[in-house]
Trainee: 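One structure coming up, written as structure tokens, with questions to follow.
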Amino acid sequence: MFTHHSLHHALTESGVWNGLYTALMASTPPLTVHSNCGTTECGLKYFEKDPRLPNAPVSGSITILASGAITVRTDGYTGPRSHSGPDRLASRAPKSWTWEPAANREPGHFCGVLHLGLDVTAEMTTQPSRHAGRARASFSVIPETPGACTTAWALAVTALGVLVTNDPTYSSPVTAAPTPATDYPAAISAVNSALTILDENIDFGTARDEDPTWPGEEEGRAVRALRDFRDALIDVDATLRPGPEIASNDGACGAREDTAAAYQGSEESLLDTATLKVGEIFRGIAPAATSALVDLTSSATVCAVFAGDKELDTADETGDFDSETLGRADEVLRTALNEAAAGALATSGWDHVDDARSAALYRITFPFAPPTA
């Protein structure tokens, strides 16, 4: 991506070099900084210089590779402080860090991943330090595209500043604040709202791919683009959407077809498709919605909507949803139940809920969970 010269130039022009030096100069305790550039990468070394101690209590390095990835390594801070910089990154992400034991499975060795957008990822490793009660850690901010380098570097400057100054609110006085890669809640809410409006038209709601029932070729492409964009936002983290993986025709790794399209082709899929559409209706108003309770005693009626374990207010005057919104969701479910084959309910993803007041209460879980802020 970069030559040694172009990388150094980009770091200088973007103010990242200045931002890194400024953060290290404001460190507590004070750190000594040396340049550490190789033939392809650029970097710095830093350490706490205390003449009373034979070994530096705190030491570390910063390396920026030709790919644009920037890595900060530290040794000698406490465990909580080692996590303070990366934790600041998590405040800008749709989900928190995901942790697991390191590949070597040694005690105290862990690695984590944090998705900061469609084109920026953070990774971290931790292990015990040679200093008792301290940690050895490294975190990397990795741009997936050349255009994401400036954002990734600015994020790393902020995380480094939090770490070395021990100030969780640190903001670089010389490097521009990182541009958020993706405002997940706003983006998903906007896309779901648009799809909900379009899906009120039965042609838009049922037509897929080259189906001739599309109102028009241009409109068809527009709706498919919205669905693809929505799925791209959600598929940043595979754990956000546990729906079935469908291999693409070109064999691209991890590619998925539209969720509703994947459900087509069987009678019970009508209920899964209905669940998807009800999720889009509710998330157009409350993006955090994850499931709903449906009473089938007489005809399908949504009696509660949840965001995780929290029940959302559905009262007509005070709640998130008015009676018209709930009515639209009821109609989608009733239509699917009327058209589905006998026994489809038993093989669907609808979970029966034991309830003293209703023997036909089911929980429907929307096929993908929205990111949290």
Side-chain angles (χ1 to χ4, degrees), residues 90-96 182-200 205 226-227 229-231 233-237 239-243 259-260 263 270-337 345 348-373:
S91 67
R92 308 181 65 89
K95 288 193 71 177
S96 8
T182 303
D183 185 342
Y184 280 84
I188 290 178
S189 178
V191 171
N192 279 340
S193 295
L195 288 172
T196 298
I197 293 171
L198 291 170
D199 285 346
E200 290 177 352
L226 278 174
R227 288 192 174 111
F229 178 57
R230 175 198 60 195
D231 293 347
L233 291 175
I234 293 163
D235 283 341
V236 167
D237 187 337
T239 63
L240 297 178
R241 184 182 179 194
T259 302
Y263 287 136
L270 290 169
L271 302 185
D272 295 317
T273 302
T275 302
L276 174 65
K277 294 179 69 173
V278 168
E280 291 176 349
I281 290 172
F282 288 145
R283 286 177 179 155
I285 297 173
T290 57
S291 65
L293 289 180
V294 182
D295 190 354
L296 306 183
T297 301
S298 55
S299 60
T301 303
V302 175
C303 53
V305 182
F306 294 85
D309 295 328
K310 177 185 176 183
E311 182 175 355
L312 302 177
D313 187 355
T314 55
D316 201 24
E317 298 297 328
T318 62
D320 297 292
F321 312 105
D322 55 24
S323 57
E324 181 182 353
T325 301
L326 293 170
R328 285 197 293 118
D330 292 344
E331 186 59 33
V332 169
L333 297 173
R334 291 168 187 170
T335 300
L337 286 166
L345 189 61
S348 71
W350 295 22
D351 298 318
H352 183 261
V353 178
D354 292 329
D355 185 78
R357 294 170 296 179
S358 172
L361 187 66
Y362 289 82
R363 180 181 293 275
I364 61 173
T365 301
F366 308 139
F368 48 80
T372 56

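All values below come from the heavy atoms of this structure, side chains included, with hydrogens, waters and symmetry mates left out.
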Trainee: To the nearest 0.5 Å, what is the distance between CD1 on I281 and CZ on R328?
Mentor: 5.0 Å
Trainee: Applying side-chain contact (heavy atoms from CB on, under 4.5 Å), run through F366 and V278 and close with a yes or a no.
Mentor: CA-CA 8 Å; F366 308 139; V278 168; 4.0 Å; yes
Trainee: Can you list everything that forms a side chain to side chain donor-acceptor pair (under 3.5 Å) with D330? Sequence neighbours excluded, please.
Mentor: none
Trainee: Once side chain to side chain donor-acceptor pair (under 3.5 Å) is applied, do any residues pair with T301, and if so which ones, sequence neighbours excluded?
Mentor: R334
Trainee: Could you report the tightest heavy-atom contact between A360 and D295, atom names first, then the distance?
Mentor: O-OD1, 3.5 Å
Trainee: Scan L293, L333, V332 and name whichever one has a side chain to side chain contact (heavy atoms under 4.5 Å, CB included) with V302.
Mentor: L333
Trainee: Can you tell me how far SG of C303 sits from CG of D355, rounded to the nearest 0.5 angstrom?
Mentor: 8.0 Å
Trainee: Can you see whether T275 engages W350 through a side-chain donor-acceptor pair at a distance of less than 3.5 angstrom?
Mentor: yes
Trainee: Is the backbone of F306 close enough, under 3.5 Å, to the side chain of S291 for a donor and an acceptor to pair up by distance?
Mentor: no
Trainee: Calculate, to the nearest 0.5 Å, the distance between atoms CZ and OG1 belonging to F282 and T314 respectively.
Mentor: 8.5 Å
Trainee: Sub-3.5 Å donor-acceptor pair from the side chain of H352 to the main-chain atoms of R363, do we have one?
Mentor: no
Trainee: Indicate the atoms forming the closest heavy-atom contact of A307 with L312, along with that distance.
Mentor: CB-CD2, 4.0 Å
Trainee: Take T290 and T365, measure what side-chain contact (heavy atoms from CB on, under 4.5 Å) needs, and give me the verdict at the end.
Mentor: CA-CA 6 Å; T290 57; T365 301; 5.7 Å; no
Trainee: Quick check: does any side chain N or O of R283 sit under 3.5 Å from a backbone N or O of A289, one acting as donor and the other as acceptor?
Mentor: yes
